[in-house]
Chemist: 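Dumping the structure here so I can ask a few things about it.
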2 protein chains.
Amino acid sequence: MGPDIETLIQKISRLPGLGPRSARRIVIHMIRNREVSLEPLLLSMSRVFENVKTCPTCGNIDVFEDVCSICSDKTRRNDVICIVESVADLWAIERTSCFRGQYHVLGGLLSSIEGKGPEILLLDKLLHICKANAVTEIIVALSATVEGQTTAHYIKNFFTSRNIRATSLAHGIPIGGELDYLDDGTLFAAFSDRR
Amino acid sequence: MGPDIETLIQKISRLPGLGPRSARRIVIHMIRNREVSLEPLLLSMSRVFENVKTCPTCGNIDVFEDVCSICSDKTRRNDVICIVESVADLWAIERTSCFRGQYHVLGGLLSSIEGKGPEILLLDKLLHICKANAVTEIIVALSATVEGQTTAHYIKNFFTSRNIRATSLAHGIPIGGELDYLDDGTLFAAFSDRR
């Protein structure tokens, strides 16, 4: 195995979820299928590398001119903003097509262990957008982890104290979930939020 | 998410061991870390794409002029040839540094289900090399699966009937393996091959 291949394996093994073993498998697959795998992947990667950027308004990652395709979409409401932790979460919500408003991607979650205070949430910038667009609702769509819920609580307080309605996603039984496999916290939330 | 990113995710999700979810995670990671992840990876991939080829002698994948670095290495013995199923297996043996001879990568394993007969093993080409280099031993290093062992048996017969010594890897307890977790077949092999 030459140094070029060695380097490629090393670089691929540093991608999230991969390690040296899976990287080797991927590299062998790519080399074996140069025309159908390596070459198109290379083209696709260089296009993304040259064109992609982070939207200055919402924080989404996209290929665009001034603002991303969601921010510039005139058919979407701009009086509702959904706050997400990461671009991955934004994409997950977009896949469901259940939300037709704007987004705001946080710079991270509050974490006293990692020393991340409220300044990383960029809420002042968001408040500015809220006032400019007369936003009526902020939907806080954060993970149900300790950090996620702490951050959600902080954000909801921040907006309700400024007379902007802030809601968060419902907790309950996942679709397809079986009752006796649910943890106590979820079951408790599902009971107390029953409709 | 724009069409360029969508295409890249699709292409990455087709790599072995990955799916849409891990591909999305990788793409977001690469875009987030353009300078330290996407750009070097892109460079490394294009170098491999341009330079790598399959060695006409042994079947190894490498960056070389006429024959690969193993075949052209004068310090290696060329009277012993190790037969492996794939380039991944060759690399695995090379990592242990326990073998300093030549290799022969098979085109595949015998499989009556997939209709793969002895012609895919390219044994005539190998026999030609054996005669040219006065090879004294063929080491058959194939997996201990049904197809691997069938193929190994066929290859050993092929060479012993032509007066070339053919050996295969030992079976037994893996290093660090616990006796009571071993399957019966391995334990049986370990007993009958005891030293």
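A, B, ... follow the sequence lines: proteins, then strands. Residue 1 opens every chain. Heavy-atom basis, side chains included; hydrogens, waters and symmetry copies ignored. Remember, predicted model here, so these are calculated numbers, not experimental data.
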Chemist: Checking heavy atoms, do the side chain of Glu39(A), its backbone, both or neither come under 4.5 Å from chain B?
Modeler: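 Contact with chain B: backbone and side chain both.
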
Chemist: Determine, using the 4.5 Å side-chain heavy-atom cutoff (strictly less than), whether Phe49(A) and Met30(A) are members of one ILVMFWY cluster.
Modeler: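 Yes, Phe49(A) connects to Met30(A) through the hydrophobic network.
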
Chemist: Between Lys53(B), Arg47(B), Arg24(B), which residue shows the highest count of heavy-atom pairs closer than 4.5 Å to chain A?
Modeler: Arg24(B)

Chemist: Let me confirm one number: the CG-CG distance from Leu41(A) to Leu41(B), rounded to the nearest 0.5 Å.
Modeler: 8.0 Å

Chemist: Less than 4.5 Å to any heavy atom of chain B: does that hold for the side chain of Arg95(A), its backbone, both, or neither?
Modeler: side chain

Chemist: Assess whether atom CZ of Arg34(B) is packed by more than 12 heavy atoms of other residues, nucleotides or ligands within 6.0 Å.
Modeler: yes

Chemist: Run the side chain to side chain contact (heavy atoms under 4.5 Å, CB included) test on Val27(B) and Ile61(A) for me, step by step, so that the C-alpha distance in whole Å, both residues' side-chain angles and the decisive distance to 0.1 Å come before the verdict.
Modeler: CA-CA 10 Å; Val27(B) 167; Ile61(A) 290 173; over 6 Å; no

Chemist: So for atom CD, which belongs to Glu65(B), do other residues, nucleotides or ligands contribute more than 12 heavy atoms lying within a distance under 6.0 Å?
Modeler: no

Chemist: With a 4.5 angstrom heavy-atom cut-off, which part of Ser37(A) approaches chain B: side chain, backbone, both or neither?
Modeler: side chain

Chemist: Output the distance between atom CZ (Arg25(A)) and atom CG (Leu15(B)), rounded to the nearest 0.5 Å.
Modeler: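 The CG atom of Leu15(B) is 10.5 Å from CZ of Arg25(A), to the nearest 0.5 Å.
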
Chemist: Name the member of Asn60(A), Ile70(A), Leu38(A), Val87(A) that forms the most heavy-atom pairs with chain B at distances under 4.5 Å.
Modeler: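 Option with the greatest count: Leu38(A).
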
Chemist: Treat each ILVMFWY residue as a node, draw an edge where side-chain heavy atoms are under 4.5 Å apart, and state whether Leu90(A) and Leu8(B) are in one component.
Modeler: yes

Chemist: Would you please test Asp4(A) and Val52(B) for side chain to side chain contact (heavy atoms under 4.5 Å, CB included) and show each step?
Modeler: CA-CA 9 Å; Asp4(A) 285 352; Val52(B) 91; over 6 Å; no

Chemist: Heavy-atom count around Lys125(A) NZ within 6.0 Å, excluding the residue itself: above 12?
Modeler: yes

Chemist: Within a 6.0 Å radius of atom CZ on Arg100(B), are there more than 12 heavy atoms belonging to other residues, nucleotides or ligands?
Modeler: yes

Chemist: If you group Ile, Leu, Val, Met, Phe, Trp and Tyr by side-chain heavy-atom gaps below 4.5 Å, do Leu122(B) and Ile138(B) land in one group?
Modeler: no

Chemist: Working to the nearest 0.5 Å, report the span between NZ of Lys11(A) and CG of Leu42(B).
Modeler: 11.5 Å

Chemist: Using non-hydrogen atoms and a 4.5 Å limit, figure out which bit of Ile31(A) sits close to chain B: side chain, backbone, both or neither.
Modeler: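 Only the side chain of Ile31(A) comes within 4.5 Å of chain B.
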
Chemist: Among the options Ile5(B), Thr54(B), Thr7(B), Val63(B), pick out the one with the most heavy-atom pairs lying under 4.5 Å from chain A.
Modeler: Ile5(B)

Chemist: When clusters are formed by joining ILVMFWY residues with side-chain heavy atoms under 4.5 Å apart, either directly or through shared neighbours, do Leu127(A) and Leu142(A) land in the same one?
Modeler: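 Yes.
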
Chemist: For Ile12(A), is it the side chain, the backbone, both, or neither that has a heavy atom closer than 4.5 Å to a heavy atom of chain B?
Modeler: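 The answer is both parts of Ile12(A).
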
Chemist: Hey, could you give me the CG/NE2 distance between Leu18(A) and His29(B), rounded to the nearest 0.5 Å?
Modeler: 9.5 Å

Chemist: More than 12 foreign heavy atoms under 6.0 Å from CG of Asp183(B): is that the case here?
Modeler: yes

Chemist: Give the member of Asn51(A), Asn33(A), Ile28(A) that has the highest number of heavy-atom pairs under 4.5 Å with chain B.
Modeler: Ile28(A)

Chemist: With a 4.5 Å cut-off on side-chain heavy-atom distances among I, L, V, M, F, W and Y, is there a chain of contacts connecting Val135(B) to Val80(B)?
Modeler: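 Different clusters.
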
